[in-house]
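Since the structure comes first, as structure tokens, the remarks are kept for the end.
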Amino acid sequence: MLNRLTRRSFARLAAAAALTPALPNALAAPREENVSPASPLLSFPRGFLWGSATASYQVEGAAKEDGRGPSIWDTFSHLRGNTKNGDTGDVADDHYHLYKTDIALMKDLGLKTYRFSTSWSRVFPNGTGTPNPKGLDFYNRLVDGLLAAGIQPYCTLFHWDLPQALQDQGGWQSRDTAHAYANYAGYVAQHLSDRVQHFMTLNEMRSFVDLGYGNGMHAPGLRLSRADLNQVRHHAVLAHGLGVQAIRANARPGTKVGLAENITCTVPVIETPEHVRAAHIAMREENAGYLTVIMEGKYTDLYLARQGADAPKFTPEDLKAIGSPIDFVGINCYTPEYVRASSAPAGYAMVPAPESFPHMLSPWLRTGPEALYWAPKIAASVWNIKEIYITENGASSSDTLTPDGAVYDTDRVMYLRNYLTQLHRAVSEGVPVRGYFLWSLLDNFEWADGYAYRFGIHYVDFATQKRTPKLSAHFYRQVIARNALA
Ligand code: PNW
């Protein structure tokens, strides 16, 4: 009897170990009668797309290879004082050479989908003009490798690495950049859409506009006036709209087009009807320069009134292009912004978070799992969106390798469990979220924060390029395998 039991629990242990390979120091299993039953799994709908995301300049390296032209991030990161420890993306994760290793990591996780970005200056070294075939070849190899591994590629066409040649002609301060972008986007879509079904025009317009042209923390490091900044913002949404049109004109029929935007994730301070209503109003007004003008084809009256003489200059044709219908909305969701009802004309007020609010290693990454419930729910209802993806969500930490070669990122696991529980809440109410992309597959070049702030579920030793799955990778593998949170 004892023998049989032991054998059975051995088999169970072995099965568990097979599910969590390479997790050292598994604790001795407690006796069966002392194990309390787990609560029911929080299951996701069949076919829910579990994914992960990266971006070209943050992972590729090979900055000067195969004809790639410089981007504003090459210039910016090489100027002293712009990044932590003077870090650059020259080598990054060397993903350009190690992409097969990385696809194997994805396969091991069981990823259904992978979101990557194409580097504009690899494909068009000068931003416009003659394309560089070797640039596109890399993405052909990557896409083919993903498909061979059974992973659906989701392609972002711009993740901040503007060709330096275009910056030299005014960058996003110039309308011409929006047209150059559309030309590039149409070209890539034409060549990849036989295998890639989902394209995102731009990643986080808000971030690259505000950080790159507003406070100078990101490339190209400018600090423009409010009027000039509003014009840059307008050119970014115009690029999106012209890009949508160019992709539709050049891609295979049936190709789906969307974007990945870090919308202001409005969350009611308390879940009572008046605050919930205020959070809906705030969703439109706080995103007026980005998702709202894209979904509605017009700037809200309140936005134009608030900007006054600094409002952007635009034509009705611009608005028509910007409002081009899209197939899906990608939400990059990290931090909630709390909203309360207000008797002020706007009908809402933002509530600043207290300084003591818990956050991850990045000081801006204040945690609030309920953002992943409210943001897609409110966005879906405000704009009647039928297909939403969480195109980014993840956590920064200082992760260290233990002497036994493991990384116990319990903080990231806690973060993911809490956020995914809230996502489950949304999905089970019928909010049309079709997939989730965890940021990020690998530790990578975290922009101005360099390599010190790690976002990966795989630890990267940047001296050897060795990848090690962290505890969070084991956690995520289980979520994907069960299509449920446990
Ligand atoms: C996003 N903020 O960036 C980007 O899309 C990724 O490239 C990046 O690595 C990831 O999130 C983690 O940072 C952000 O200051 C950078 O609020 C800064 C902010 C938000 C998003």
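When a ligand or atom number is given, it counts from 1 through the structure's own listing order. Side chains included, hydrogens not; waters and symmetry mates left out as well; all remaining heavy atoms used.
- Aromatic rings from Phe437 and Tyr154 are positioned such that their centres are separated by under 6.0 Å.
- When non-hydrogen atoms are compared, ligand 1 lies under 4.0 Å from the side chain of Asn203 (C-beta onward) but not from its backbone.
- For the pair His218 and ligand 1, the shortest N or O to N or O distance does not fall below 3.5 Å.
- Residue Asn444 has no N or O atom closer than 3.5 Å to an N or O atom of ligand 1.
- One finds a salt bridge joining Arg477 and Asp108 here, because a Lys/Arg side-chain nitrogen approaches an Asp/Glu carboxylate oxygen to under 4.0 Å.
- By the 3.5 Å distance cut-off applied to N or O atoms, Trp447 is counted among the residues near ligand 1.
- For ligand 1, the atoms sitting less than 4.0 Å from at least one non-hydrogen atom of Glu446 are 8 (C), 9 (O), 12 (C), 13 (O), numbered in the order shown with element in parentheses.
- Considering only non-hydrogen protein atoms, atom 10 (C) of ligand 1 sits nearest to Tyr334 OH, 3.4 Å.
- Taking 4.0 Å as the cut-off between side-chain N and carboxylate O, Asp102 and Lys107 do not count as a salt-bridged pair.
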Can you list the steps and then say if Arg115 with Glu392 is a salt bridge (charged side-chain N to carboxylate O under 4.0 Å, His left out)? CA-CA 9 Å; Arg115 173 178 173 239; Glu392 281 183 30; 3.2 Å; yes
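- Applying the ring-ring contact (aromatic ring centres under 6.0 Å, His included) test to Tyr99 and every residue at least two apart in sequence or in another chain returns Phe138.
- The side chain to side chain donor-acceptor pair (under 3.5 Å) with Thr264 is formed by just one residue from the set Glu286, Arg206, Glu285; it is Arg206.
- In terms of protein heavy-atom proximity, atom 2 (N) of ligand 1 is nearest to Trp364 CD2, 3.4 Å.
- Using a 4.0 Å cut-off to heavy atoms of His159, the atoms of ligand 1 that qualify are 4 (C), 5 (O), 6 (C), 7 (O).
- Here is the list of ligand 1 atoms found below 4.0 Å of a heavy atom in Trp439: 6 (C), 7 (O), 8 (C), 9 (O), 10 (C), 12 (C).
- Ion pair Asp443/Arg454 flagged as a salt bridge, since at least one NZ, NE, NH1 or NH2 atom sits closer than 4.0 Å to an Asp/Glu carboxylate oxygen.
- The protein atom (non-hydrogen) at minimum distance from atom 21 (C) of ligand 1 is Glu204 OE1, 3.2 Å.
- Using the six-membered ring where Trp is involved, Phe455 and Tyr334 have ring planes that are perpendicular, over 60° apart on the 30 and 60° scheme.
- Scanning the protein for heavy atoms near atom 5 (O) of ligand 1, the closest one is Glu392 OE2, 2.8 Å.
- Separation of the Tyr57 and His159 ring centroids does not fall under the 6.0 Å cut-off.
- The closest approach between a heavy atom of Tyr453 and any atom of ligand 1 is not below 4.0 Å.
- Interface of Phe455 with ligand 1, defined as ligand atoms under 4.0 Å from a residue heavy atom, comprises 12 (C), 13 (O).
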